[in-house]
Every structure is written in C-alpha cells, then in structure tokens.
Amino acid sequence: MLDNIQFTVPQAIVLWGIPLLFAITVHEVAHGWVANKLGDPTARILGRLTLNPLKHIDLFGTIILPALTIWLGGIIFGWAKPVPITWRNLRHKRRDIALVAFAGPFANFLMVFIWAAVAKLGITLEAHHITQGVVFEAMGKIGIYVNALLMILNLLPIQPLDGGRVVSSLLPGRWSYYFDKLEPYGLIILLVLIMFGVLGMLLTGPVETFVTVIKHVYGI
C-alpha cells in the first residue's frame, strides 16, 4: 500500500529516525537492566537505564557510521553508546555475560511485535479513511525491518557483537580466550564484509524471511 506514497526527505527522516532511535535505545537499556538484575548496578548508578535516546546516542556510531555504511553497502550498521557493565560484579560471570549480551537482540525481537501492532493500527485507520493511518503503517513497517535487522545482525558470532559475546561465554576456557583475541579486529571485519556486500548477503535472507512471517501473522 505504501509503494504509491511518496514522503519528503524530512518526513522520511522522521519515519526512519523514530524506530531506529527506539531500537538502539531499548537494546542498550535491556543490556543494563539484565546486568542490574544479575548483580551489576553500574548502568543504573550512572543513569543509563533510561529510554531517553540522548543518553545513548554516539555521534559516530549512531549517525555517521550508519549513513556511511548505507552509502557503501546499502545496509544499516552502527551502534549506540554502550551501556557500561562491570562484568566482575555479575554473580555467575560466564552464564550472566551470555544473558546480558542476549538481552539486546531479544529486546529488538519484542519490539518487532510492537511495531507490527503499530502498522496494523495504521492499516485499520486507513480502512476507516483516517489519513494519519498512513504514517502509522509506514513507521510500523520500518520499525519491523529495523528491529529485525538489528536483532539478526547482533546475533552474528563476531566480537564485539552480542552474538560474539554469547559464543565466547559458551566456549571452553582456552577457546574462549583465543576467540576474545579477535575482538579488536571485529569492527574491521564487519566493515570489510559490508564493503564487499558479504554482510548484506548474510543478512538479507534471514531478515526478509522473518519480516515476511511477522507481516503474515499480523495481516499487514
């Protein structure tokens, strides 16, 4: 339904910006919230358990890098300002690192369903000839895509992505040690994968499949 609708550049920035800011903000808060529950209050003490996106925006990672990666490879890649976590405070370090890391992608998973409900609301409003429904539908569908992409991207087993931290916590001690040695090169690896289109090929299938299933379930 949205294929025949043209949005101005400012409108497109808002339609993409709001879901993206919520996606990265809730993702980071989820890390801090779970860490707090598991014994590390660092994020809470520093005031980072907040949904105020200004507390989580990183100029390079949230604004410059996503624009650059879209230009280089047509895929959004970036990060928010990481929520500070003192790993030694966790009660069961290896297990809890995995849980804290997994919390971010799981938050994006939950937000997919919230944005799907927003899109469905928009379609319902349009059916009743309420023009604002177009905005809800567009933003909801963008929110589905953005959160599905961030969820699946962050589950890749590459440090410093969340999937890499999960893998590290599950590997035996020696293997975990050597795997962690790759973390300083993780960002370079990801940028190379983006430049050569490999990351896009890895993500496109899973993201499109997941988004298609969600749209089918919600009838959007």
Side-chain angles (χ1 to χ4, degrees), residues 15-35 37-38 43 48-49 51 53 56-58 61-63 65-67 69-70 73-83 85 96-120 138-170 183 186-187 189-191 193-194 197-218 220:
L15 289 172
W16 279 88
I18 292 176
L20 182 58
L21 284 176
F22 269 106
I24 62 176
T25 297
V26 177
H27 180 105
E28 291 300 325
V29 171
H31 286 314
W33 185 82
V34 172
K37 292 294 183 181
L38 296 176
R48 292 294 303 279
L49 296 188
L51 294 178
H56 304 282
I57 289 177
D58 177 89
T62 311
I63 300 173
L65 186 60
T69 53
I70 290 175
I75 187 170
I76 300 174
F77 176 71
W79 57 77
K81 192 183 299 180
V83 166
I85 296 172
D96 292 350
I97 286 176
L99 293 174
V100 170
F102 185 71
F106 185 69
N108 292 124
F109 174 77
L110 295 179
M111 280 190 287
V112 165
F113 295 93
I114 295 174
W115 284 113
V118 171
K120 184 66 174 180
M139 191 176 291
K141 288 182 175 179
I142 291 170
I144 294 171
Y145 173 76
V146 166
N147 281 281
L149 177 60
L150 289 179
M151 176 188 72
I152 294 173
L153 170 64
N154 275 283
L155 287 175
L156 292 177
I158 302 174
Q159 295 260 37
L161 298 178
D162 297 323
R165 295 201 183 280
V166 172
V167 170
S168 176
S169 68
L170 296 177
E183 182 170 356
L187 180 58
I189 293 171
L190 288 168
L191 290 176
L193 293 177
I194 291 171
V198 177
L199 189 61
M201 289 188 292
L202 289 174
L203 296 177
T204 298
V207 170
E208 289 185 351
T209 299
F210 182 64
V211 169
T212 298
V213 170
I214 294 298
K215 287 184 175 179
H216 176 75
V217 169
Y218 278 81
I220 54 177

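Keep in mind that what you see is a predicted model, and the values were worked out from it rather than measured. Just so it is clear, the values below take in all heavy atoms, side chains as well, and ignore hydrogens, waters and symmetry mates.
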With side chain to side chain contact (heavy atoms under 4.5 Å, CB included) as the test, would you mind laying out the steps for Leu99 and Asp96 before giving the verdict?
-> CA-CA 5 Å; Leu99 293 174; Asp96 292 350; 4.0 Å; yes
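- Closest non-hydrogen pair, Ala101 versus Val166, comes out as CB-CG2, 3.9 Å.
- You'll find the side chain of Leu161 reaches within 4.5 Å of the side chain of Leu190, heavy atoms only.
- By the neighbour-count criterion of 12 heavy atoms within 6.0 Å, atom OH of Tyr218 is densely surrounded, having more than that number from other residues, nucleotides or ligands.
- Minimum heavy-atom separation, Ile214 to Ala116: CG2-CB, 3.8 Å.
- Side-chain contact between Trp115 and Met139 is present, with heavy atoms from C-beta onward closer than 4.5 Å.
- Heavy-atom minimum distance, Val34 versus Ala103: CG2-CB, 3.5 Å.
- The distance from atom CG of Leu203 to atom CG of Leu156, rounded to the nearest 0.5 Å, is 5.5 Å.
- Between the side chain of Thr212 and the backbone N or O of Glu208, at least one donor-acceptor pair lies under 3.5 Å.
- The closest side-chain heavy-atom distance from Ile97 to Ile85 is not below 4.5 Å.
- When the shell of 6.0 Å around CZ of Phe22 is examined, it contains 12 or fewer heavy atoms from other residues, nucleotides or ligands.
- Contact of the His31 side chain with the Asp162 side chain is registered, since non-hydrogen atoms from C-beta on lie closer than 4.5 Å.
- The two residues Val211 and Ala148 have their closest heavy-atom pair at CG2-CB, 3.9 Å.
- Considering every non-hydrogen atom in both Met151 and Phe109, the closest pair reads SD-CB, 3.5 Å.
- At distances below 3.5 Å, not a single donor-acceptor pair connects side-chain atoms of Glu183 with backbone N or O atoms of Pro160.
- The two residues Ala30 and Ala107 come nearest to each other via the heavy atoms CB-CB, 3.7 Å.
- Of the residues listed (Val167, Leu199, Leu193), the one engaging Ile158 in a side-chain contact (heavy atoms from CB on, under 4.5 Å) is Leu193, and it is the only one.
- Atom-to-atom distance recorded for Lys120:NZ and Lys141:NZ is 10.5 Å, nearest 0.5 angstrom.
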Output, in order, the C-alpha distance, side-chain angles, deciding distance and verdict of side chain to side chain contact (heavy atoms under 4.5 Å, CB included) for Val146 and Trp16.
-> CA-CA 9 Å; Val146 166; Trp16 279 88; 3.8 Å; yes
Audit row: Asn154, His27, side chain to side chain contact (heavy atoms under 4.5 Å, CB included) steps and yes/no | CA-CA 10 Å; Asn154 275 283; His27 180 105; 3.8 Å; yes
Run the side chain to side chain contact (heavy atoms under 4.5 Å, CB included) check on Asn147 and Ile114 step by step: do they pass?
-> CA-CA 10 Å; Asn147 281 281; Ile114 295 174; over 6 Å; no
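- Between atom CG of residue Leu150 and atom CG of residue Leu155 there is a gap of 10.5 Å, rounded to the nearest 0.5 Å.
- The side chain to side chain donor-acceptor pair (under 3.5 Å) check on His56 picks up Arg48, with sequence neighbours excluded.
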